[in-house]
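Proteins come first, then strands; the chains are lettered A, B, ... in the order of their sequence lines, and each starts at number 1.
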Amino acid sequence: MEVLTVEHLSFTYPQASSPALEDVGFGLAPGEFVTLCGATGSGKSTLLRLLKRELSPRGEQSGRILLCGEPADSLPPRQAARTVGFVMQQPEQQLVTDRVWHELAFGLENLGLPRELIARRVAETAGYFGIADWYDREVDTLSGGQKQLLCLAAAVAMQPALLLLDEPTARLDPIAASAFFDTLRRLNRDLSVTVLLSEHRLEQALPLSDRMLVLEGGRLREDGAPRRVIPRLAGSPALLRAMPAAARMGAALGAAECPLTVREGRKWLGRHCIPPAGGTDSSAAPAVNPDAPAAPAARSSASAPAAAPGACAPAGFSGARRESAALELREVWFRYEKQAPDVLRGLSLTVRQGEIFCVLGGNGSGKTTALGVAAGLLRPYGGGVRVFGRRLRAYPGQSLYRGCLALLPQDVQTVFLRNTVREELADAGTDASALPFDLGRLLDRHPYDLSGGEQQLLALARVLASSPRLLLLDEPTKGLDAGARENLIGILRDLRNAGMTVVAVTHDVDFAALCADRCALFFRGQTVSEGTPEAFFSENRFYTTAASRITRGYFDRVVTVEQAIARCAACLRREAADADD
Amino acid sequence: MSLASCNPAVAAVCLLSAAGIAMFCMNPVILALSLCGAVCFSLLCGRAGEGRWHLFVALLFVATALVNPLVSHRGATVLLVVNHTPLTLESLLWGISAAAAVAAALCWFRAFSRLMTGDRLLWLFGRFSPRLSLVLSMAFRFVPLFGRQAKKIRQTQRALGALREDSAAGSFRGSARVFSVLLTWALENGIVTADSMAARGYGSGRRTQFSVFRFRRADGVLLALALLFFAGACIPLACGALDTVYYPRAALPRLTPAALTGYVSYGLLALLPAAAEGWEAIRWKCLRSSI
């Protein structure tokens with residue numbers, strides 16, 4: 001019997017002109033792992049919430065939802081709550097209580113289970129998830145990844161038959177996201193929990209999935225094994241952009257069964273392109289057609305040297321060496337408290353005017369702290385910070401934040417003050433027409449009702465209102481889908497071309513590869529390497545893009561999927577020509 | 001076993017009964033015992049930064065003791081006359097007793113607040129109402145959460161150039177702005193929390209309460225001792241056997257058997273937390289030396 005059956009499900013929000021979901025039908029067999037894909041606004045969250053009775057949005061609904069063969073509406077409340085577990089995007093706000101053990105017990109307490117049973121379930125769950133070490137801790141002392149694992153554990157402690165996850169890793173860094181997916185896979189394999197997951201981060205989700213469902217405009221467009229479905233998406237670049245790098249290459253080059261992981265991608269490349277020559281030595285490998293385009297058009301503008309920045313040099317400043325430096329950190333030492341360890345240990349960094357500079361690095365490597373120091377929010381105890389050649393102290397009062405430097409924080413909701421986008425822009429002293437991007441259709445919405453990508457743009461609009469020459473961004477792509485990310489990259493490039501300097505701190509290697517003019521890697525409060533994305537990512541072994549990992553040894557200095565596809569296509573063309581001869 | 005590791009209810013009874021009696025009695029012997037017990041306990045579970053606290057209590061003690069004779073001139077025994085105002089012995093004695101009462105109460109409540117962490121208080125109140133316990137648990141989490149978010153908002157708004165902190169009016173407006181952003185954030189994110197609660201069956205019926213605390217035999221022993229000593233001190237106190245007169249002439253109550261029982265009982269009660277702590281330390285030492 002199917003765990004979940006959805007028949008002809010349609011749903012329309014009140015006062016909406018068109019339905020959010022239209023005639024959606026599918027079933028989930030016990031133990032299946034299914035990923036739900038689709039662009040923002042395609043109805044993923046609506047569908048998931050309709051399947052969880054307690055969270056069903058209000059609106060007009062038709063069709064049937066069966067849980068374990070019974071209509072979902074007819075189940076008694078406790079059974080309904082127990083049968084379906086739900087994990088949302090925000091790790092922080094999902095937690096209810098102050099202690100880890102209480103959070104695990106919360107759902108079981110609500111079900112009115114006897115204390116002995118709760119004790120057993122909580123202990124078992126804590127053991128399985130490896131939570132026993134932090135069982136007594138306050139939830140506020142946990143990292144984001146630990147919080148999200150705790151949310152998952154708290155849902156699983158209730159022993160649901162079906163687990164629904166609404167973009168659970170969107171706010172996590174890559175390492176924490178991997179740990180989350182590992183746990184999810186283990187749950188699915190060991191306990192045969194049925195999983196329905198919506199996600200932007202398909203690189204890791206799809207290889208785990210038995211099936212994928214693709215929603216487009218509220219309709220179920222595809223339903224099937226990822227390897228077979230992805231080639232059918234070749235006509236929709238917007239959907240394809242979110243797929244794993246290996247699958248995008250496979251789809252673009254006409255593979256019948258798409259590779260999904262880096263390993264499969266390399267295998268596929270080995271069969272269809274030239275086999276790797278001489279192990280890891282990449283200099284021996286590129287027996288590639290020398291006529292092949294060195295880089296697709298998308299990159300060529302980005303790798304060009306910065307546009308003439310002379311116009312935005314500070315008045316009254318002369319000094320040839322520093323003229324090109326927008327931001328300079330020299331031997332900066334910083335710690336948050338007297339007893340705490342150093343976060344920045346002699347950090348030196350120079351950002352030239354008119355470039356996009358991406359800072360990468362693991363959690364706790366000091367990336368965000370470095371931004372705070374650069375923005376004058378945190379004061380280092382050693383070393384110096386110069387913005388456009390002047391010390392931070394030389395900017396009296398608010399002058400640093402007026403027309404010179406702006407910081408877009410990681411949590412963009414700390415920016416919003418007003419009830420509508422229009423008021424928000426007015427408060428910042430700007431309006432929609434003055435922006436380099438379009439917010440026109442959002443003007444009357446509440447900032448919190450916007451999608452992650454739209455919130456990011458609104459916050460960016462507020463920050464740009466002071467017309468800064470140096471823009472600092474903290475994790476600008478966190479929680480964005482592939483389309484919103486592409487959009488943001490375009491905007492940042494436009495700003496750069498107009499003479500602005502952009503420094504972005506990010507975990508997102510694909511973003512850095514597509515967008516940066518130069519990248520730096522932080523480790524323990526220092527820069528350990530620095531260079532153009534091509535050089536930087538092809539020299540890195542772990543901290544690099546999937547495209548680079550797939551093509552390593554086959555092609556040289558390939559960083560983005562577009563580059564990889566272009567090189568492969570050229571290689572395949574040549575092979576075809578050889579075959580014709 | 002120490003109070004930190006015993007059942008929260010037992011720890012609360014021990015500390016509150018010791019503190020409570022000393023608050024309703026101005027008998028110098030009781031107050032001296034109370035202060036002695038509180039300071040011993042606080043020294044035994046001392047941590048870094050404790051020295052400063054003790055210095056603060058000592059200074060407060062001296063100040064309180066000296067202020068009373070300066071403002072109150074009751075009492076028959078005049079020690080000296082300054083500027084035509086008499087300073088009396090009785091007034092000084094009353095001042096010292098009051099100072100001891102304040103210092104002891106401070107020490108007891110500091111120990112209480114340090115021992116009764118959020119989860120232990122919660123367990124205590126949860127006995128009465130699971131719902132109250134949940135509300136408290138959420139409050140314990142949200143208060144620091146809001147504090148941290150407010151800090152983040154302040155930094156963001158500062159970097160936006162929206163805070164002008166060079167004047168009082170400007171910094172007030174800035175705080176209002178931060179508060180307004182925080183309020184919206186809290187309301188909007190409260191929805192997520194409410195969803196998360198509903199998703200886990202909150203409101204689907206009567207809740208049970210789970211806790212990690214148990215009531216062991218040692219807890220029973222400690223509780224029985226505390227209650228016994230409490231009764232032993234309470235009854236003489238209620239009968240007036242411990243009543244002390246300060247004015248016009250200071251005099252201790254007569255040392256009747258009742259008063260003696262009161263002193264001994266209270267002495268044991270006040271030293272119970274420190275004794276429990278000391279017992280634990282000694283037992284560890286023995287265990288370690290036998291390994």
For R82(A), the salt bridge (charged side-chain N to carboxylate O under 4.0 Å, His left out) test, sequence neighbours excluded, returns none

Residue [X] versus chain B: region with a heavy atom under 4.5 Å:
{"X": "Q79(A)", "value": "neither"}
{"X": "L378(A)", "value": "side chain"}
{"X": "Q398(A)", "value": "side chain"}
{"X": "T97(A)", "value": "both"}
{"X": "R53(A)", "value": "neither"}
{"X": "A428(A)", "value": "neither"}
{"X": "R402(A)", "value": "side chain"}
{"X": "D427(A)", "value": "side chain"}

Any non-hydrogen side-chain atom of [X] less than 4.5 Å from a side-chain atom of [Y]?
{"X": "K152(B)", "Y": "P409(A)", "result": "no"}
{"X": "L407(A)", "Y": "Q155(B)", "result": "no"}
{"X": "F106(A)", "Y": "M197(B)", "result": "yes"}

Scored by heavy-atom pairs under 4.5 Å with chain A, the best of I153(B), T184(B), N189(B), L160(B) is N189(B)

Scored by heavy-atom pairs under 4.5 Å with chain A, the best of A194(B), G205(B), P144(B) is G205(B)

Just how far is it from atom [atom1] of [X] to atom [atom2] of [Y], taken to the nearest 0.5 Å?
{"X": "F140(B)", "Y": "R99(A)", "atom1": "CZ", "atom2": "CZ", "value": "9.5 Å"}
{"X": "L111(A)", "Y": "T208(B)", "atom1": "CG", "atom2": "OG1", "value": "8.0 Å"}
{"X": "E54(A)", "Y": "S196(B)", "atom1": "CD", "atom2": "OG", "value": "11.5 Å"}
{"X": "D98(A)", "Y": "F142(B)", "atom1": "CG", "atom2": "CZ", "value": "10.5 Å"}
{"X": "L417(A)", "Y": "W185(B)", "atom1": "CG", "atom2": "CH2", "value": "16.0 Å"}

Okay, R177(B) and chain A: the region with an atom under 4.5 Å from a heavy atom over there is both

Applying a strict 4.5 Å limit to non-hydrogen atoms, the region of Q209(B) in contact with chain A is both

Of the listed F86(A), W101(A), Y135(A), the one with the largest count of heavy-atom pairs under 4.5 Å with chain B is W101(A)

Ranking H102(A), H446(A), E92(A) by heavy-atom pairs under 4.5 Å to chain B gives rank one to E92(A)

- Message: Does either side chain, that of N110(A) or that of R207(B), offer a donor lying less than 3.5 Å from an acceptor on the other one?
- Response: yes

Is the number of heavy atoms from other residues, nucleotides or ligands under 6.0 Å of [X] [atom1] greater than 12?
{"X": "R115(A)", "atom1": "CZ", "value": "yes"}
{"X": "R120(A)", "atom1": "CZ", "value": "no"}
{"X": "F172(B)", "atom1": "CZ", "value": "no"}
{"X": "Y336(A)", "atom1": "OH", "value": "yes"}

With sequence neighbours left out, the residues meeting side-chain contact (heavy atoms from CB on, under 4.5 Å) with A18(B) are W108(B), Y266(B), L269(B)

Residues at least two apart in sequence or cross-chain that pass side-chain contact (heavy atoms from CB on, under 4.5 Å) with A155(A), listed by chain then number, are V87(A), L163(A)

**Request:** Start with the C-alpha gap between Q413(A) and E188(B), add the side-chain angles, then the distance that decides, and say whether side-chain contact (heavy atoms from CB on, under 4.5 Å) holds.
**Result:** CA-CA 10 Å; Q413(A) 294 186 338; E188(B) 291 290 334; over 6 Å; no

Got a salt bridge between R200(B) and E109(A), using NZ or NE/NH1/NH2 to carboxylate O under 4.0 Å? no

**Q.** Salt-bridge contact K52(A)-D195(B) (side-chain N to carboxylate O under 4.0 Å)
**A.** no

Nearest heavy-atom contact between P77(A) and S204(B) is CB-CB, 4.2 Å

Shortest non-hydrogen pair, A119(A) vs F210(B), comes out as CA-CE1, 3.4 Å

Checking heavy-atom separations under 4.5 Å from chain B, one finds in residues 136-143 of chain A V139(A), D140(A)

Donor-acceptor pair, distance only, cut-off 3.5 Å: does the side chain of T193(B) make one with the backbone of Q93(A)?
yes

